[in-house]
Every structure is written in C-alpha cells, then in structure tokens.
Amino acid sequence: MIERRNRSGASLHDPVLEKLGMEIAAGELPAGHVLTLDAIQERFGISRTVAREAMRILESMGLVESRRRVGITVRPIAEWNVFDPKVIWWRLSGPDRGAQLRTLTELRIAVEPLAAGAAARAATAAQRARVVELAAVLRSLGEAADLTEFMERDVEFHALLLQASGNEMFGALADVVAAVLRGRTQLGLMPHKPVPEAMDLHDAVAAAIADGRSAEAEAAMRALLVEVRTAMLPG
C-alpha cells in the first residue's frame, strides 16, 4: 500500500493513468494497439504493481482489455465507458474535442429539458427554494466574471435539477453533466463573462420549477441548452 502513494497522498498510478488515458482518447494509442506491463514499467519508471493498477483502472473504463498470451489491447471507442468523467475529460482535452462537445451537448438537450419539466412536478419545497437561490447566485457570479465559482454553482444547479426530477436515470447523469461543465471552464471554452441570455434562462428555469410550471421549465431549459450549443459549436 505504501508503494502506491507518494508523500502527498496521491496514488502513484495517477500520472500513468492520465498519460495513457489521454493517449488512448486522442488516438495516439489506437484500437488494437498492444501494451505490456514490462513496457509500461520501463517507460514510466514504476513498479509492476503500480503498472498493473493503472491497467486495471483503464480496463474498468473499457479502454483496454487484458488477455492471456496477447497482452493489454486498446479497445475501440464503441466499447469505452463514455459516461466515465475521466474519459469525458480525456476526450475533451484531445483533438476530437469538437465531436465530444457535440455528442455531450446533444445528450444534454435530450435529457435536461425533460428533467427540468419533471422537477417542476416532483421537486421538494427545499429543492425549489434552492434552485431559485442558485439562479440568483449564478447571476451575481456571472456579472462579476467569477468563472471558477460560477462553474461550481452551475454544476450544483444542473445536478439539482437532474436529481429533483424523481427519475433515477436522469439523476445518474449528474456526474456526466458536471464533467462537461467543469471541462468547458478548465479548457477555456467559456466566454470571459456568461452572456446575459444564459443567466436570464437560468432564472426562467428556476422560476418555472419553483412555481410548478412543467412545460415552461422544459421549454426554458431547452432554450438554455440551445444557447450553449450555439455558443460552443458555431455553425
């Protein structure tokens, strides 16, 4: 156990996992490429235990497959766990960022308006109050151009709506949406200051949910995500 962590408490396999994950996501290690523990040990200067742990995690994400007498083979993208937040981050950081943003935004457009409509029907009183509070906080942070804190409260806003929908399938996507929102900010894909239209639509979604207006909550959330798609994927 001591071998697997450095003095800061970080797992020793983390840098290996990040590097190999990014290379697989970017296509630098294409489907069918074979890795070996010996080569990984030599490349990164790590123990076999650490190399094996990194491969175990990549295998759990569907990025590689370990087979006796074959080695560790990179799997095609169709077999990846594309909802894993780390996989999302690696893909957003790579050359196919545009395609990843498009597919994730289309997923959000398909799901979040329905979740907002459901939240207007099913949310608790505390959830309704919190979503209105968060919309006000987002406006204040947006006007102050505090993008880091805006991102965190935006993550909370969207996660709350998914969870308040009463649909466990929607709720399970909270980490996916969080990864997208954090990725946009950390990769410099957000405007310097959130546009007024986006903040107005957050207000509209929150007000509709608080008042139990399901159709209006759904329409406002769809308009918000269309605005996001237009801003991120012009043309």
Side-chain angles (χ1 to χ4, degrees), residues 21-22 24-27 31 60-63 75-123 127 131 134-135 138 150-191 194-195 197-198 201-202 204-206 208-209 214-235:
M22 293 273 276
I24 293 171
S60 74
M61 296 174 176
L63 271 64
R75 301 172 74 182
I77 191 171
E79 298 176 12
W80 298 357
N81 178 6
V82 293
F83 292 118
D84 187 290
K86 274 192 173 294
V87 175
I88 291 172
W89 168 255
W90 293 332
R91 294 181 70 194
L92 284 175
S93 301
D96 290 332
R97 173 186 299 171
Q100 174 72 148
L101 283 172
R102 176 183 58 78
T103 57
L104 288 168
T105 303
E106 288 173 355
L107 174 68
R108 294 185 65 196
I109 290 173
V111 169
E112 289 193 71
L114 294 177
R121 297 188 297 272
Q127 288 170 328
V131 75
L134 282 170
L138 285 171
F150 182 94
M151 171 194 71
E152 292 301 334
R153 299 288 71 78
D154 200 27
V155 166
E156 183 181 353
F157 181 92
H158 289 275
L160 176 59
L161 297 192
L162 291 165
Q163 292 156 2
S165 69
N167 183 318
E168 74 281 2
M169 296 291 188
F170 292 165
L173 292 173
D175 286 346
V176 173
V177 173
V180 179
L181 294 172
R182 291 194 173 104
R184 283 185 65 199
T185 299
Q186 293 165 0
L187 294 170
L189 304 176
M190 280 282 288
V195 299
E197 181 184 359
L201 288 167
H202 278 88
V205 170
I209 289 173
S214 178
E216 293 179 35
E218 181 175 338
M221 179 59 81
R222 182 167 287 106
L224 173 59
L225 292 171
V226 167
E227 189 281 325
V228 169
R229 180 175 61 184
T230 301
M232 286 198 305
L233 305 172

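Computed from a prediction, not measured in an experiment: that's the story for all the values here.
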Intermediate values then yes/no, side-chain contact (heavy atoms from CB on, under 4.5 Å), Asp96 and Arg91 | CA-CA 7 Å; Asp96 290 332; Arg91 294 181 70 194; over 6 Å; no
Passes side-chain contact (heavy atoms from CB on, under 4.5 Å), Arg108 versus Leu104? Steps please.
-> CA-CA 6 Å; Arg108 294 185 65 196; Leu104 288 168; 5.5 Å; no
Show your reasoning for whether side-chain contact (heavy atoms from CB on, under 4.5 Å) applies to Leu224 and His158.
-> CA-CA 12 Å; Leu224 173 59; His158 289 275; 4.0 Å; yes
Please report the C-alpha distance between Thr105 and Leu225 in whole Å, then the side-chain angles of each, then the deciding distance to 0.1 Å, and finally whether the side-chain contact (heavy atoms from CB on, under 4.5 Å) criterion is met.
-> CA-CA 8 Å; Thr105 303; Leu225 292 171; 5.7 Å; no
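Minimum interatomic distance between Ala174 and Ala159 (heavy atoms only, all atoms of both residues): CB-CB, 4.1 Å. Taking all atoms of both residues into account, the shortest heavy-atom contact from Ser165 to Leu162 is OG-O, 2.7 Å. The nearest pair of heavy atoms linking Ala204 to Ala220 is CB-CB, 4.0 Å. Between Ala135 and His202, the closest heavy-atom pair is CB-O, 3.9 Å. Residues Gly62 and Trp80 approach most closely at O-CD1, 3.4 Å, considering heavy atoms. Nearest heavy atoms, Ala120 versus Ala217: CB-CB, 4.2 Å.
For the atom pair CZ of Arg102 and CZ of Arg229, the computed distance is 11.0 Å after rounding to the nearest 0.5 Å. Taking CD1 from Ile88 and OG from Ser93, the interatomic distance works out to 11.5 Å, rounded to the nearest 0.5 Å. Summarising the geometry, atom CG belonging to Leu181 is positioned 5.0 Å from atom CG belonging to Asp154; distances are rounded to the nearest 0.5 Å. If you take CZ on Arg222 and CD1 on Ile109, they are separated by 8.5 Å, rounding to the nearest 0.5 Å. In this structure, Leu161 CG and Ile209 CD1 are separated by 4.0 Å, a value rounded to the nearest 0.5 Å. Met22 contributes atom CE, which lies 7.5 Å from atom CH2 of Trp89 (distance to the nearest 0.5 angstrom).
Between Val205 and Val131, the closest side-chain pair of non-hydrogen atoms is not below 4.5 Å. Leu173 has its side chain within reach of Phe83: a pair of non-hydrogen atoms, C-beta onward, lies under 4.5 Å apart. Annotation: side chain of Arg182 is in contact with side chain of Val155 (closest heavy-atom distance under 4.5 Å). Between Arg75 and Met61 there is no side-chain heavy-atom pair separated by less than 4.5 Å.
For residues 157-179, the set of pairs meeting the salt bridge (Lys or Arg N to Asp or Glu O under 4.0 Å) definition, not counting sequence neighbours, is empty.
The side-chain contact (heavy atoms from CB on, under 4.5 Å) test applied to Ala219 returns no partner, not counting sequence neighbours.
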